[in-house]
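Read through the structure below, which is laid out as C-alpha cells, and then see the notes.
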Amino acid sequence: MDKSFLGAMEAITGTIHENKEFLTDLDRAIGDADHGHNMARGFHAVMEKLRASPPADLSTGLKTTAMTLISTVGGASGPLYGTAFLRCAKVMQGKDSIDKTDAVQLLGESLDGIESRGKAQPGDKTMIDALKPAYDTFAAASEQNRTFLECLEEACKAAEEGVNYTKTIAARKGRASYLGERSIGHQDPGATSVMLILKALTEYYKSL
Ligand SMILES: Nc1ncnc2c1ncn2[C@@H]1O[C@H](COP(=O)(O)OP(=O)(O)OP(=O)(O)O)[C@@H](O)[C@H]1O
Ligand SMILES: [Mg+2]
C-alpha cells in the first residue's frame, strides 16, 4: 500500500501527542480533563496496530483506525471520530489515492457521520463547529478549481475561525453543556482537535 497513508496517520498522531496537555487543559476548563489523553491513547493504539500489520489498502487502514479509536478512546470523542473514519473507509473502498473530489467526500461524510452519531448541530460548541466550516470551505474552493493545497489551507483557516467561534457560544452537548453560559469564553476541545488534525494533514501534504 501507498506509504502516504501511514505517514498521514503518523502526522495526526504526532500533533495529538504534542498537544495532549493543551487539549486536556481545554477540557479541564469546561469538561472532565481527558480529551488530550483520550485522543493520544487512541492514536498511539492506531499506530501500533498499523505498524504491526500494515493494511493492504487505504480503506482497510481507515477501518482499522476507526475500530481502534472506538475501542480504545473512552468518552464521546472515540465513537465520534471512529464513526468519521468508518465513513472515510467506505468512501475510499477500491481507491488507492485521494484526489480533491475524494477529499470533499471524505470531509462531507465525516461531518455527516459525526452529526448523525452525536446529534449535535452547528452552534452547539462541538467538533462540528470546526469540521463544518472546513468542509464547506474546502468544497467551495474545490468548485473554484483551486489546487488541493489551497483547498486544504482554506479549510484549515475556516476550522481555526470555527474554533474561535466556539469561544463565543455556550455548550449544548456533552459535559460542557452542564456549565451552560459559563462555558462561554472557552474554546471547545473537540473543535480544537479537529483543527489540529486538519493542520497536521496539510503540513504532511506539503512535505510529500
Ligand atoms: N454529541 C456530540 N456531538 C459532537 N461532538 C461532541 C458531542 N459531545 C461531545 N462532543 C465533542 O467531544 C469533545 C469532548 O471529548 P472527550 O474526549 O473529552 O470525551 P468526553 O469527556 O466523554 O466528552 P463529553 O464530556 O463532552 O461528553 C467536546 O469538546 C466536543 O467537541
Ligand atoms: Mg472529556
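Starting from 1, each residue takes its place in the sequence as its number. Below, all heavy atoms of this structure are taken into account, side chains as well, without hydrogens, waters or symmetry copies.
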Following the transitive rule for hydrophobic clusters with a side-chain heavy-atom cut-off under 4.5 Å over Ile, Leu, Val, Met, Phe, Trp and Tyr, establish whether V46 and I70 coincide in one cluster. no
Side chain of T24, backbone of H37: donor and acceptor closer than 3.5 Å? yes
Find out whether F5 and T65 are in side-chain contact, i.e. whether some heavy atom of one side chain is under 4.5 Å from a heavy atom of the other. yes
Using the rule given for side-chain contact (heavy atoms from CB on, under 4.5 Å), can you reason through F43 versus L69, listing the C-alpha separation, both sets of side-chain angles and the distance that settles it, and then say yes or no? CA-CA 7 Å; F43 279 99; L69 291 177; 3.9 Å; yes
So do D96 and L58 actually touch side chain to side chain, heavy atoms under 4.5 Å? no
Expected output: side-chain N38 to main-chain V73 donor-acceptor under 3.5 Å: no
Side-chain heavy atoms under 4.5 angstrom apart, residues restricted to Ile, Leu, Val, Met, Phe, Trp, Tyr: same cluster for M67 and I114? no
Hey, are the side chains of L50 and P55 touching, using non-hydrogen atoms and a 4.5 Å cut-off? yes
Please evaluate residues K173 and K119 with respect to the criterion side-chain contact (heavy atoms from CB on, under 4.5 Å), reporting the C-alpha separation (whole Å), side-chain torsions for both, the decisive distance (0.1 Å), and the verdict. CA-CA 9 Å; K173 286 282 172 198; K119 308 271 179 276; 4.2 Å; yes
Has Y81 got a side-chain atom pairing as donor or acceptor with V194's backbone, closer than 3.5 angstrom? yes
Are the side chains of S77 and M127 in touch, meaning some heavy atoms are under 4.5 Å apart? yes
Checking salt bridge (Lys or Arg N to Asp or Glu O under 4.0 Å) for the pair E10/R51: CA distance, chi angles, key distance, verdict? CA-CA 10 Å; E10 262 162 19; R51 285 197 191 109; 3.4 Å; yes
Basic-acidic side-chain contact under 4.0 Å: E153, K206: yes
Where do R87 and D112 land on the side-chain contact (heavy atoms from CB on, under 4.5 Å) test, with the steps shown first? CA-CA 9 Å; R87 292 287 193 100; D112 191 64; 3.0 Å; yes
D129 side chain to T126 main-chain N or O, any donor-acceptor pair under 3.5 Å? yes
Quick one, I98 and M92 - any side-chain contact, counting heavy atoms below 4.5 Å? yes
According to a hydrophobic-cluster definition based on side-chain heavy atoms being under 4.5 Å apart (Ile, Leu, Val, Met, Phe, Trp, Tyr only), do L198 and Y165 belong together? no
Of all the heavy-atom pairs spanning A130 and A191, show the shortest one and how long it is. CB-O, 3.4 Å
How many angstroms lie between atom CZ of F138 and atom CD of E150, to the nearest 0.5 angstrom? 11.0 Å
Say whether, by atom type as modelled, one donor and one acceptor occur between the side chain of T137 and the main chain of A158 under 3.5 angstrom. no
In terms of hydrophobic clusters joined by side-chain contacts under 4.5 Å, are L86 and L80 together? no
Do Y204 side-chain atoms and S4 backbone N/O form a donor-acceptor pair below 3.5 Å? yes
Donor-acceptor under 3.5 Å (K125 side chain, S183 main chain): yes
Going by heavy atoms in the side chains, are L201 and I197 under 4.5 Å from each other? yes
Side chains of T202 and K199 in contact at under 4.5 Å (non-hydrogen atoms): no
I want to check something: taking the side chain as every heavy atom from C-beta on, are P133 and E161 in contact at a cut-off of under 4.5 Å? no
Salt bridge between E154 and R146, side-chain N to carboxylate O under 4.0 Å? yes
Applying salt bridge (Lys or Arg N to Asp or Glu O under 4.0 Å), run through K157 and E160 and close with a yes or a no. CA-CA 5 Å; K157 245 188 267 158; E160 196 167 347; over 6 Å; no
Is there a path from Y178 to L26 through hydrophobic residues (I, L, V, M, F, W, Y) whose side chains come within less than 4.5 Å of each other? no
Let me see the working for D27 and D32 under side-chain contact (heavy atoms from CB on, under 4.5 Å), right down to the final yes or no. CA-CA 6 Å; D27 196 29; D32 56 354; 2.9 Å; yes
